[in-house]
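Predicted, not measured: the structure shown is a model, and the values here were computed from it. Counting starts at 1 for both ligands and their atoms, following the listed order. One-based numbering along the sequence shown.
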Amino acid sequence: MTAAGVMPSQGLRLERNPAKVLGSSFLSPSSTRSLSMAAGKSRVPAVSLQQQGSGRSNPLIIRNVVSTEKRDGFASISEEDYAENFRPPHITDNFDIPARPSTFCAKTSLPDGRTINRFSNDLGKIFVHEDDRVLLKTIKYASPASAGAECVDRDCNFHHQWVARAGPRSKIYFDPAEVNAAIVTCGGLCPGLNDVIRQVVLTLDCYGVTNIRGISNGYRGFFEEDLHDIPLNRKIVQNIHLEGGSVLGVSRGGARTTDIVDSIEKKNINMLFVLGGNGTHAGALAIHNECHERGMKVVVVGVPKTIDNDILLMDRTFGFDTAVEEAQKAINSAYIEATSAYNGVGIVKLMGRQSGFIAMHASLASGQVDVCLIPEVGFTLDGPEGLMQHIHYLLETKGRAVICVAEGAGQDLMASLSNGATDASGNPVLGDIGVHLTKEVKKHFKDIGMPADVKYIDPTYMIRACRANASDRILCAVLGQNAVHAGFAGFTGITVGLANNHYVLLPIPEVISHARNVDPNSRMWHRCLTSTGQPDFL
Ligand SMILES: Nc1ncnc2c1ncn2[C@@H]1O[C@H](COP(=O)(O)OP(=O)(O)OP(=O)(O)O)[C@@H](O)[C@H]1O
Ligand SMILES: O=P(O)(O)OC[C@H]1O[C@](O)(CO)[C@@H](O)[C@@H]1O
Ligand SMILES: [Mg+2]
């Protein structure tokens, strides 16, 4: 991201049905359907997998908006463009399915197998109107030079970006008796996975769905012969949120879209909930597209899971808050060690392959960190501006130095170590910056004959395996419930999220074009620097 020109929607421009959007609002599923049919076109995004990949790319280039005119690095995009881009794909875009009254909360099952009426839909306003919208951006920047400015034109004009509001609709597109739901958790672990699984199951139960399965160990569970589905119901999931991890298991790699969709077809799954990060969502989009190409009436709904908080457009993803909180223990231990030692240096490594949000927030929260290093901001070790000089200064002035480093930081300093290797999902295998820094700091002070007592803490997997904290559990509850509401409302190829403090539905391509990064021009990074008092190390 540059301070000068950040696209409002940092995703791909989809080749969509040219249905005219009125003003800045969206079309309701029913009106969209008639327009789609009239136009004789499918709204399934014609986007290749390569385009869907989570590798970084310049949003100004990939958003190939026909009406876009680029001037001084800015693209002029109309509010209609936003509306069209953020219109969540709907099952009725491709199939003529009648809407039916919602069954949400009509009844629920008890642990003993009995069914009771929950509460009547007449009791109050429980439904979100299908035309409800959430405003994505709320700041009107006066100038592209404003801190963290996201401007779409040279004059920094404000464009309304309305996105669909998440929540239960009064009309649904599935008969609960015919729903065959599946949940899959992919990628790495993240605090809160079990909470989301639990909420998806509880909410399906509230709609009256009894046929629910968990797919074992991520996408692999669809086709690895030794992996078996796990039946799920209200009773089974009742206490799963009390532990970290995923009761379904996770995995990386092995995503063969055609095999997965063969399996979906064979198992008759028609509502798929996919919990995962950028890679998982790219897979979900591929599954969604393949299902539609095969004429399968399947909705695919994502729930963004990334402890790193690196998914576009979202205020935060579940697990992040827990990670920041858990990291405090490690930072505090490093601080205690460093302050108690003679010339103590405490180094803590935190997760964040491409994005330094955990390290930045944990450093800011702790107030004990002297230097925060993130992937988005380069640094050097040696020379007058280098990190070693600053540690030297800290030892002389404070008698200690506490460093919080994100795992993706300083990879250029260890180019020879990582060797271009990738994991099963194609993610780069990183060099261990924590170990590298520890060695370099020890070596530097030994070389100059100054005592330095260096202690290194790597709490990464301890943090990731935690049970979610209360605030993340609430986020998980709302996201899990909204995923089911979205599925019943017929939305597909979408994901749920918290944007601008409201719960929304977003088309998957809009959130996965690249990882969300810390903007070095943002107020938050500047707040972190104000707190640590660190200089630039370049
Ligand atoms: N471009 C892609 N298209 C289809 N499937 C993909 C793609 N990228 C990754 N996947 C699959 O999605 C699953 C999860 O991907 P990955 O391991 O990158 O985790 P992730 O969802 O990004 O989560 P995390 O935040 O933990 O990295 C894997 O099974 C992987 O094969
Ligand atoms: O070791 P694993 O399981 O591949 O996971 C490590 C990765 O997972 C992440 O937390 C993303 O989920 C990265 O920050 C980290 O590099
Ligand atoms: Mg990933």
Side-chain angles (χ1 to χ4, degrees), residues 12 47-57 184-193 215-224 227 245-246 249-261 274-290 300 302-312 314 317-320 322-324 326-327 349-359 374-375 405-409 411 418 421-434 458-466 495 508-509 511-517:
L12 296 166
V47 184
S48 74
L49 245 193
Q50 282 85 344
Q51 286 173 293
Q52 293 158 13
S54 51
R56 285 202 71 182
S57 48
V184 63
T185 55
C186 313
L189 287 181
C190 180
L193 278 169
I215 305 295
S216 293
N217 290 101
Y219 287 137
R220 290 176 183 278
F222 279 109
F223 51 81
E224 301 277 3
L227 294 175
S246 163
V250 290
S251 71
R252 295 196 189 273
R256 299 195 295 267
T257 307
T258 49
D259 291 352
I260 293 170
V261 178
V274 179
L275 281 55
N278 281 300
T280 304
H281 275 74
L285 187 59
I287 294 168
H288 158 83
N289 287 339
E290 179 75 15
V300 182
V303 182
K305 170 241 58 155
T306 151
I307 197 169
D308 297 344
N309 204 26
D310 62 352
I311 295 197
L312 293 173
M314 313 217 165
T317 47
F318 71 84
F320 174 68
T322 307
V324 171
E326 283 300 315
K349 185 181 75 174
L350 297 176
M351 279 192 171
R353 211 191 316 247
Q354 295 162 285
S355 310
F357 290 103
I358 299 179
I374 58 173
V405 60
E407 65 178 327
Q411 291 300 307
S418 46
T422 54
D423 70 10
S425 293
N427 302 303
V429 175
L430 303 181
D432 193 328
I433 185 66
D458 178 351
T460 46
Y461 290 111
M462 291 181 75
I463 290 175
R464 206 171 70 166
C466 271
T495 194
I508 290 176
V511 300
I512 61 164
S513 60
H514 57 91
R516 189 165 84 97
N517 298 116

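Looking at Arg220 against ligand 1, nothing comes within 4.0 Å, counting heavy atoms. Residue-level proximity to ligand 1 for Asp423 is absent, since no heavy atom of it falls below 4.0 angstrom.
Set against the non-hydrogen atoms of Tyr219, the atoms of ligand 1 under 4.0 Å away are 12 (O), 13 (C), 29 (O). Every atom of ligand 1 with a heavy atom of Gly188 under 4.0 Å away is listed here by number and element: 26 (O). Of all atoms in ligand 1, numbered sequentially from 1 with element shown, those under 4.0 Å from a heavy atom of Gly253 are 28 (C), 29 (O), 30 (C), 31 (O). Interface of Asn427 with ligand 1, defined as ligand atoms under 4.0 Å from a residue heavy atom, comprises 16 (P), 17 (O), 18 (O). Against a heavy-atom cut-off of under 4.0 Å, Gly283 is close to the following atoms of ligand 1: 3 (N), 4 (C), 5 (N). Atoms of ligand 2 found under 4.0 Å from any heavy atom of Ile307, numbered from 1 in the order shown, are 10 (O). Of all atoms in ligand 1, listed by their number and element, those nearer than 4.0 Å to a heavy atom of Lys305 are 23 (O), 24 (P), 25 (O), 26 (O).
The nearest protein atom to atom 8 (O) of ligand 2, hydrogens excluded, is given as Arg464 NH1, 3.0 Å; this is a heavy-atom distance. Ranking protein heavy atoms by distance to atom 10 (O) of ligand 2, first place goes to Met351 SD, 3.0 Å. For atom 4 (O) of ligand 2, the closest heavy atom belonging to the protein is Arg252 NE, 2.9 Å. What sits closest to atom 1 (O) of ligand 2 on the protein, heavy atoms only, is Tyr461 OH, 2.3 Å.
The heavy atom nearest to atom 2 (C) of ligand 1, out of those in Gly426, Ala282, Ser425, is found in Ala282. Taking all heavy atoms of Ala515, Gly279, Ala424 into account, the minimum distance to atom 22 (O) of ligand 1 is reached by Gly279. Counting only non-hydrogen atoms, the option in Thr317, Thr185, Val184, Thr280 that gets closest to atom 14 (C) of ligand 1 is Thr280.
For Lys305, no nitrogen or oxygen atom sits less than 3.5 Å from a nitrogen or oxygen atom of ligand 2, counting backbone and side chain alike. Taking any N or O of Cys186, backbone or side chain, none lies under 3.5 Å from an N or O belonging to ligand 1. Checked by distance only, ligand 1 and Thr306 stay at 3.5 Å or farther apart across all their nitrogen or oxygen atoms. The distance criterion of under 3.5 Å between nitrogen or oxygen atoms is met by Arg353 with respect to ligand 1. On a distance-only criterion, Glu407 and ligand 2 share at least one N/O pair closer than 3.5 Å.
By the 4.0 Å heavy-atom criterion, Gln354 is excluded from the residues contacting ligand 2. Heavy atoms of Gly352 approach ligand 2 to within less than 4.0 angstrom. The closest approach between Asp308 and ligand 2 falls below 4.0 Å for a heavy atom of the residue.
Under the 4.5 Å side-chain criterion, counting only non-hydrogen atoms from C-beta, Glu290 is in contact with Thr258. By the 4.5 Å heavy-atom criterion applied to side chains, Ile358 and Phe320 are counted as neighbours. With contacts defined as side-chain heavy-atom distances shorter than 4.5 Å, the pair Met314/Thr495 qualifies. Met351 places a side-chain heavy atom less than 4.5 Å from the side chain of Tyr461. Using a 4.5 Å heavy-atom threshold, the side chains of Thr306 and Arg516 count as separate. Using a 4.5 Å heavy-atom cutoff, the side chains of Leu227 and Phe222 are not in contact. By the 4.5 Å heavy-atom criterion applied to side chains, Val250 and Leu189 are counted as neighbours.
We find the NZ-CG distance between Lys305 and Asn278 to be 9.5 Å, quoted to the nearest 0.5 Å. The CG atom of Asn517 sits 11.5 Å away from the CG atom of Asn309 when rounded to the nearest 0.5 Å. Atom CD1 of Ile307 and atom SG of Cys466 lie 8.0 Å apart (nearest 0.5 Å).
Side-chain N or O atoms of Ser355 include none that pairs as donor or acceptor with a backbone N or O of Asp308 at under 3.5 Å. The backbone N or O of Leu350 sits nowhere less than 3.5 Å from a side-chain atom of Glu407 that would complete a donor-acceptor pair.
Salt bridge annotation for Lys349-Asp432: present, with a cationic side-chain nitrogen under 4.0 angstrom from a carboxylate oxygen.
Under the 3.5 Å distance criterion, with hydrogens and angles disregarded, a donor-acceptor pair is assigned to the side chains of Thr460 and Asp458.
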